[in-house]
Amino acid sequence: MDDRIDLHKITVHLAGNPNVGKSTLFNALTGMHQHTGNWPGKTVGTAVGEVRRGNTVYTLVDLPGTYSLEGRSTEEQVAARCLEEEKADCVLVVCDASCLERSLGLALQVLQRYDKVVVCVNLVDEARRRGVEIDAKRLAFHLGTPVVLTAAGRGEGLDALLTQLRRTALGPEKQSLPTWKDPVAAAESITADSVIRQQDPLEAFRLKIDKLLVSRRFGLGLMALLLLAIVWLTVWGANYPSMLLERFFEWGYTVLSGWFGTAPWWLRGVLLDGLYATCTRVIAVMLPPMAIFFPLFTFLEDVGYLPRMAFLMDPCMARCGGCGKQALTLCMGLGCNAVGVMGCRIIDSPRERLAAILTNTMVPCNGRFPTLILLGSLFFPEAGAALVVAACVALGAVGAMAASGVLSKTFLRSAPSAFVMEMPPFRRPRLGKILVRSVLDRTLFVAGRAITVAAPAGVVLWILANTGVLTALSNILDPVGILLGMNGCILLAFIFSLPANELLIPVLLMALTGVGSLAAAESVSSTAVLGSAMNRQMAVCCMVFTLFHWPCSTTLMTIYRETGSMKKTAAAFALPTAFGCILCMLIRLACYWI
Amino acid sequence: MVVMCGLDALRPGCGGVVLHIQGNGGLVNRLKDFGLVPGTRVRCLYTGPGGKVRAIACRGSVIALRTGDIREIQVRCDG
């Protein structure tokens, strides 16, 4: 370990426009797995990773994409502040080879302010296919700083990049920083001199596809169809693996209960009926839908469909006082509302952003899908679970838009702000990578949730169930639950699933089957228990309340962090809850009259 | 034929050069980030549903802008 003495430590900030492949480059360099996608604004926070080559340790900081150092939206401010306050040994400006001219705008700004800068022109493979060739030497001459060409997705040019970073970081300081009087004109002339552009053979074709995707008739239909297809595949595909997992865990239960033969009943109860049963149920219910939904969604992300969707949705969102970017955050909310709330950073106007944050939880996240699937398939077998779930997603989205519409006309009134969004070109998705990554990531994620949330919750629940507290609480809540078209048990399950929405079904089962619960529940299937304890109206109310109730604790904490205000967090809690309560009462009334 | 019009009136497939930009600071600054300043060549690629949003090609990238936001951008349209 003597070589430690000569170890060089270099911190590098990765700056660049959104969607130029910064995160892909970061992942390729560090071997980490930051989420990437083909749309501007995928990365809204910073990520730190390390890589070691020879005797140099590089600490890389992946900043959110930014078009300038002025920080016009929150995610841009994060980037600008990080550059300013945490002095790095070297700034790496990542540019997109296909639209170098625009990328250079930021590069020139950075060059004017920071001493040690390396410019990386990324995505050269894609640019080459589009007939664009970059002359790195000329570019370096004009910028007065080293330029490295890379294709991060394929690992091209990474070694040269690291070598250059080291050389620049450890090299001498510049005598003076360059200045450009008119950066836009400078970018234009530099590009004209260092880019060789030929006719893109596929340009007309690309344009045709784009036009088709955003056309009123075809585009909107395709969007609805895609949503339905994803939900249908998720529901249909998750069914069988879920059953298999459930069987496997049942087998595990019998094996484990054999081991617990002589243990005291309460220990067996806490560990087996509480901890094990809740954990495994969460995994069996959660993992298959997630493992199917995420690859499909990631595929759409990688191809570059999401910006087209935002483009399509913008007129509709504008009527609700929002902008097309809110459609993107709602989409992210489908995966996880906490991520969706973070994603709202891409919205420029503070008021629109707040409206988007407050209403994001109205689209069902993956943690709530299983509840919807289970109840939907149980009580509406003729309609098909997929249609019911798709209807729920649509209802959630409509609810979110309606709520932000009301907000923007009452509490969050502001002059409509401008909408500016980049439309990136379509990119070929890396199918194998999508599949492996999203399945692996999701498996880890679900396993983590099961251990950190479901396990302790299972223990607490078992104790509560066996001391009669659960029944007592459910009796207390009964009047309120019945008013909302459900009952005390269901409402209690909602309250207990505050830490994580995926707990709802396990808690509900434990509350429904009462004391000693899961031993009994194990012999009867979960669907049978739910089917006998609920009627259709209760199921509908339960599904509506699943869509519209308080956010889970993780999302609440994210909202608090994003808004920095207790009051706004409380509003995020109260708004969907009030919405859900009113809807549920209306449904109950309607059923009563019919 | 050379015609002056607002960027919002540029039909899909038509191009032109930006003459001058008025409007609120936020939008003007944002557009500057994309390199859309007086003198820039722009082209309208396609419009969204109802013609309320349009895709404008500018300096090698494509930007989505609302038709209502870009009335104040004067363009010399040249086909």
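Chain identifiers are assigned alphabetically (A, B, ...) following the order of the sequence lines, protein sequences preceding nucleic acid strands; residue numbering begins at 1 within each chain.
B:Arg76 CZ: 12 or fewer foreign heavy atoms inside a 6.0 Å radius. Heavy-atom neighbours of A:Lys409 NZ from other residues, nucleotides or ligands within 6.0 Å: above the threshold of 12.
Heavy-atom pairs under 4.5 Å with chain A peak, among B:Gly68, B:Gly35, B:Ala55, at B:Ala55. Comparing B:Gly50, B:Gly60, B:Pro49 by heavy-atom pairs within less than 4.5 Å of chain A, the highest count is held by B:Pro49. Per-residue counts of heavy-atom pairs under 4.5 Å with chain B were compared for A:Glu76, A:Glu70, A:Arg197, A:Gln109; the largest is that of A:Glu76. When each of A:Pro315, A:Pro183, A:Ala185 is checked for heavy-atom pairs under 4.5 Å with chain B, A:Pro315 comes out on top.
B:Val53 touches chain A through backbone and side chain together, each having a heavy atom under 4.5 Å away. Contacts between A:Ser349 and chain B at a heavy-atom distance below 4.5 Å are absent for every atom of the residue. Using a 4.5 Å cut-off between heavy atoms, A:Ser215 does not touch chain B at all. The contact between A:Ala318 and chain B is made by backbone and side chain atoms together, counting heavy-atom distances below 4.5 Å. Proximity to chain B is absent for every atom of A:Cys316, based on heavy atoms less than 4.5 angstrom apart.
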Item to complete: Evaluate the side-chain contact (heavy atoms from CB on, under 4.5 Å) criterion for residues A:Glu188 and B:Thr40: first the C-alpha distance (whole Å), next the side-chain angles of each, then the deciding distance (0.1 Å), finally the verdict.
Response: CA-CA 10 Å; A:Glu188 190 177 332; B:Thr40 309; over 6 Å; no
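To the nearest 0.5 angstrom, A:Met423 atom CE is 10.5 Å from B:Leu65 atom CG. For the atom pair A:Glu101 CD and B:Cys58 SG, the distance stands at 8.0 Å (nearest 0.5 Å). Atom CG of B:Asp33 and atom OG1 of A:Thr66 lie 7.5 Å apart (nearest 0.5 Å).
Classification of the B:Tyr46-A:Phe311 ring pair by plane angle, with boundaries at 30° and 60°, yields perpendicular.
Using a cutoff of 4.0 Å between basic side-chain nitrogens and carboxylate oxygens, A:Asp314 and B:Arg66 are scored as salt-bridged.
Contact between A:Val420 and B:Ile63 at its shortest, heavy atoms only, is CG1-CG2, 3.6 Å. Across all their heavy atoms, A:Lys211 and B:Leu45 have their closest contact at CE-O, 3.5 Å.
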